[in-house]
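The next block holds one structure in the form of structure tokens; read it before the comments.
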Amino acid sequence: MIKETKPTVFVVDDDAAVRDSLRMLLKSVGLPVEVFESGQEFLDAERDDRPGCLVLDIRMPGMSGLELQVKLNERHSILPIIFITGHGDVPMAVEAMQAGAVDFIQKPFRDQDLLDRINQALEKDAGSRRMLAERNMIRKRLESLTPREREVLDLVVAGKANKVIAGDLNLSQRTVEIHRARVMEKMEAHSLAHLVRMVLEVERPEE
Amino acid sequence: MPNAKTKKTHHPAADRSVRASAMEQEFRALLDAAVNAIVVINHRGIIEEFSLAAERIFGYTATEAVGRNVSLLMPEPFRSAHDGYLERYYATGEARIIGVGREVRAQRKDGTTFAADLSVGRVSGTEPPRFVGIIRDITARKIAEERLQRSESELRLAQEIANLGNYVIHLDQGERDYRSPQLLRVLGMDESAPPVPPEEYFARWVHPADADRLRDAYRDMESSGGTLDIEYRLIMPDGSEKHLHHIAQTVYDEHGRPAKRIGTIHDITDRRRAEDEARQLQERLTHFARLSTMGEMAAGLAHEINQPLSAIATYAQACQRFIRQPDHDDADILESLEQINAQALRAGEVIRRLRNFVKNREVKREPVDCTKLLEDLRTLAETDARLHNIWLRIEPQGNLPLVYADPIQLQQVILNLVRNAIDAMAEVPEPRREVMLSTRLTGEGEIEVVVADHGTGLAPEATEHLFNPFFTTKTGGTGLGLAISRSIVRAHGGRLWHTPNEGSGARFHFTLPVSPAAVSAGSKDE
């Protein structure tokens with residue numbers, strides 16, 4: 001969260017009318033919108049990882065919506081995807097959901113349904129961006145620890161008492177207490193529980 | 001001549017005798033010169049004179065014949081009856097043959113008989129009476145007559161079997177016009193019915209839809225002296241229809257004036273009906289195949305109609321939101337309304353094309369611009385392609401001459417090929433998923449349409465049966481698509497075949513001959 005950016009709704013649909021009508025609708029509710037006529041065009045665009053969500057037609061000539069989703073996943077994109085589907089596209093929609101799409105909506109749709117889904121997606125995007133930012137912050141704090149402090153931290157998180165840690169690391173109990181206080185301070189932890197939660201937050205997903 | 005003949009009787013006057021002797025000589029010369037046999041008999045039927053021709057015809061010499069009963073020259077039962085004929089004549093005076101002549105059977109010396117024409121005269125002024133018989137061998141005429149009769153009855157039978165009648169109209173009125181019995185039967189006319197003049201025939205008999213065409217053809221024949229060769233329908237008095245094939249030719253006299261018109265009228269109703277049935281069956285099958293192609297495309301079409309509907313709904317909802325905003329820009333609303341209009345028309349257009357395509361209609365050939373045809377079927381074809389995430393590339397060659405064809409049937413062929421191409425690419429990775437539809441003018445002056453895909457290609461065992469009806473590699477396929485496509489193309493005078501595509505997949509080609517009339521019409525337009 002270097003700077004506050006208003007989220008953008010990205011629309012990818014090969015049908016000019018559908019694409020343009022979505023642009024109009026989103027404009028009418030004051031949401032910034034950018035439209036693309038193919039998956040490739042979207043991939044090629046410089047989006048600078050801006051926050052927002054993607055409204056994506058599931059059927060397109062060439063690269064289908066599902067194929068674009070695969071490509072975005074490969075790029076570790078976190079952009080939430082709302083698929084627009086036609087009649088009888090349920091199996092594809094299921095596939096899309098399994099691949100991480102937030103939602104799908106069948107054409108023609110009620111504007112409020114779509115806008116609700118977009119808002120949910122934007123919230124989700126904001127949430128995941130917040131979480132990512134927090135993780136980055138925790139990692140930065142972890143990086144500020146000395147190797148000894150890190151050793152102490154790992155044992156604290158493993159639930160060991162100061163006396164045991166002192167024994168394990170061949171330190172005096174007092175020294176352990178000082179390290180532990182430094183760790184709490186550097187990690188900006190309010191409590192032991194908070195500290196544990198922060199460490200698990202960044203380390204568990206990597207396992 | 002009867003009085004030229006006197007028997008060798010003695011007359012005292014010398015000059016009369018000299019004259020008689022001269023006449024006798026003339027008579028002999030006459031007897032011998034005659035081509036027909038001349039036999040003179042007395043009142044008892046005894047032969048007195050037997051001409052050279054009689055010797056030749058009957059095989060007796062005069063010496064053998066003279067003095068014998070003339071019944072010698074007849075077969076039984078006439079031989080035995082002849083004396084009776086004479087007696088009856090004497091008794092009743094009733095001449096049955098004298099002065100009348102008749103056809104009789106005569107017998108030669110060798111016992112064979114022949115047809116003869118006999119005329120008998122009584123020599124006047126002789127008492128007891130004497131008779132002259134002139135006998136002509138008519139065997140050859142008889143044979144000719146029989147042959148003529150036979151050929152006439154054979155012709156009549158042949159005309160009956162073939163349902164073919166003929167006529168001869170003598171334009172110079174040199175002879176009576178002729179109408180064969182079968183002609184009258186074909187036309188449902190009585191033999192006594194008067195001939196129908198052409199104008200009345202066109203107006204009262206010929207099917208109104210064909211009358212002008214026939215009138216034109218008739219006028220052409222009259223003005224150019226050519227032939228008439230035309231098929232048309234008659235409406236019979238009972239309301240039934242007859243299909244005729246009418247051929248006629250004018251014959252000119254040595255001065256180049258039309259002398260007579262010879263014509264045949266062939267009743268081809270049965271053949272036509274069978275052809276009609278076959279054609280109707282073919283048309284039904286073609287329509288069925290078109291419907292099933294459309295059935296395969298139904299999902300895509302539903303999608304295609306859904307697109308504008310969806311856009312319309314979204315534009316309308318955007319409008320509602322704009323209007324509720326006090327500071328909205330009218331341009332946004334106007335733009336949305338314009339789009340609503342355009343998209344409604346677009347949906348209507350899809351439905352119109354669809355209806356045109358599936359409608360059961362009469363086959364109608366017209367000059368067709370292939371480039372426009374491809375543009376017309378783009379909606380239907382692209383719909384199907386998009387549903388399968390496939391690009392459809394259409395690359396027509398510019399300025400193609402027109403072809404004379406049924407546009408809907410051509411669309412059917414192309415859509416069928418595009419459908420097959422799309423199905424062949426179901427499992428193909430994205431960058432290769434493209435169907436290419438192109439046209440070009442070949443060196444042979446044909447238009448070639450090619451549908452190329454990058455699909456799985458054709459298995460060798462499949463290519464063998466590819467065009468067989470009911471052969472299909474698709475689940476749910478009818479197996480009619482290619483068979484019917486090929487028959488449509490053939491009916492248009494073209495060919496349909498396939499080659500492997502460079503790289504991968506298959507190319508289906510078909511050709512259409514450029515219509516000569518369309519070429520000039522097309523170049524004029526350009």
Side-chain angles (χ1 to χ4, degrees), chain A residues 9 11-31 33 35 37-40 43 55-71 84-92 95-96 105-116 118, chain B residues 298-325 327-329 331-347 381-393 422 425 429-435:
Chain A
V9 180
V11 175
V12 180
D13 196 316
D14 67 301
D15 190 292
V18 173
R19 200 165 64 227
D20 186 61
S21 65
L22 285 170
R23 184 182 63 78
M24 276 293 185
L25 179 65
L26 295 167
K27 188 180 173 187
S28 75
V29 293
L31 274 172
V33 54
V35 297
E37 65 172 32
S38 71
Q40 196 55 52
L43 288 175
V55 177
L56 178 56
D57 188 6
I58 208 159
R59 290 191 188 273
M60 287 185 290
M63 192 190 297
S64 72
L66 290 177
E67 282 162 337
L68 177 58
Q69 182 185 30
V70 169
K71 290 217 158 76
I84 308 178
T85 67
H87 292 297
D89 288 340
V90 175
M92 288 174 87
E95 199 180 321
I105 186 164
Q106 217 177 52
K107 280 185 287 199
F109 39 77
R110 282 187 44 235
D111 54 347
Q112 198 54 57
D113 288 348
L114 178 67
L115 294 174
D116 288 349
I118 286 175
Chain B
L301 282 161
H303 183 80
E304 186 61 29
I305 294 167
N306 209 20
Q307 295 283 81
L309 290 183
S310 170
I312 287 169
T314 309
Y315 278 124
Q317 291 157 355
C319 278
Q320 289 173 332
R321 288 176 187 275
F322 279 130
I323 287 167
R324 279 192 227 110
Q325 293 162 10
D327 57 342
H328 67 257
D329 184 352
D332 286 333
I333 296 172
L334 271 177
E335 195 189 322
S336 297
L337 288 175
E338 271 166 25
Q339 279 299 320
I340 286 172
N341 184 29
Q343 293 306 309
L345 294 177
R346 171 183 164 196
E382 248 178 10
T383 291
D384 198 22
R386 191 215 311 263
L387 193 72
H388 297 86
N389 303 309
I390 286 168
W391 283 108
L392 177 69
R393 226 169 75 215
I422 287 170
M425 287 198 290
E430 183 244 315
R432 271 168 50 206
R433 274 209 305 263
E434 182 188 74
V435 175

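Labels below follow one simple rule: chain letters A, B, ... track the order of the sequence lines, proteins then strands, and each chain is numbered from 1.
With sequence neighbours excluded, the residues forming a salt bridge (charged side-chain N to carboxylate O under 4.0 Å, His left out) with B:Arg433 are A:Glu67, listed by chain and number.
Between B:Glu335 and A:Arg23, at least one side-chain nitrogen of the basic residue sits less than 4.0 Å from a carboxylate oxygen of the acidic one, meeting the salt-bridge criterion. Taking 4.0 Å as the cut-off between side-chain N and carboxylate O, A:Asp57 and B:Arg386 do not count as a salt-bridged pair.
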Legend entry - Stepwise salt bridge (charged side-chain N to carboxylate O under 4.0 Å, His left out) check, B:Arg346 with A:Asp15: CA-CA 12 Å; B:Arg346 171 183 164 196; A:Asp15 190 292; 2.6 Å; yes

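When heavy atoms are compared at a cutoff of 4.5 Å, A:Ile84 does not approach chain B at all. Both the backbone and the side chain of B:Leu387 come within less than 4.5 Å of a heavy atom of chain A.
Here B:Gln325 is the residue among B:His388, B:Gln325, B:Gln339, B:Glu434 with the most heavy-atom pairs under 4.5 Å with chain A. Heavy-atom pairs under 4.5 Å with chain B were tallied for A:Leu114, A:Asp14, A:Leu26, A:Asp13; the largest tally goes to A:Asp14.
Side chain of B:Asn389 to backbone of A:Met60: a donor-acceptor contact under 3.5 angstrom is found.
Rounded to the nearest 0.5 Å, atoms OG (A:Ser28) and CZ (B:Arg324) are 9.0 Å apart. To the nearest 0.5 angstrom, A:Met24 atom CE is 10.0 Å from B:Ile340 atom CD1.
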Name the atoms and distances for all side-chain donor-acceptor pairs under 3.5 Å in residues 308-319 of chain B, with sequence neighbours left out.
from, atom 1, to, atom 2, distance (Å)
B:Thr314, OG1, B:Ser310, O, 2.8
B:Tyr315, OH, A:Asp20, OD2, 2.5
B:Gln317, OE1, A:Asp111, N, 3.1

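In plain terms, the two heavy atoms of B:Arg321 and A:Gln112 that are nearest each other are NH2-OE1, 2.7 Å.
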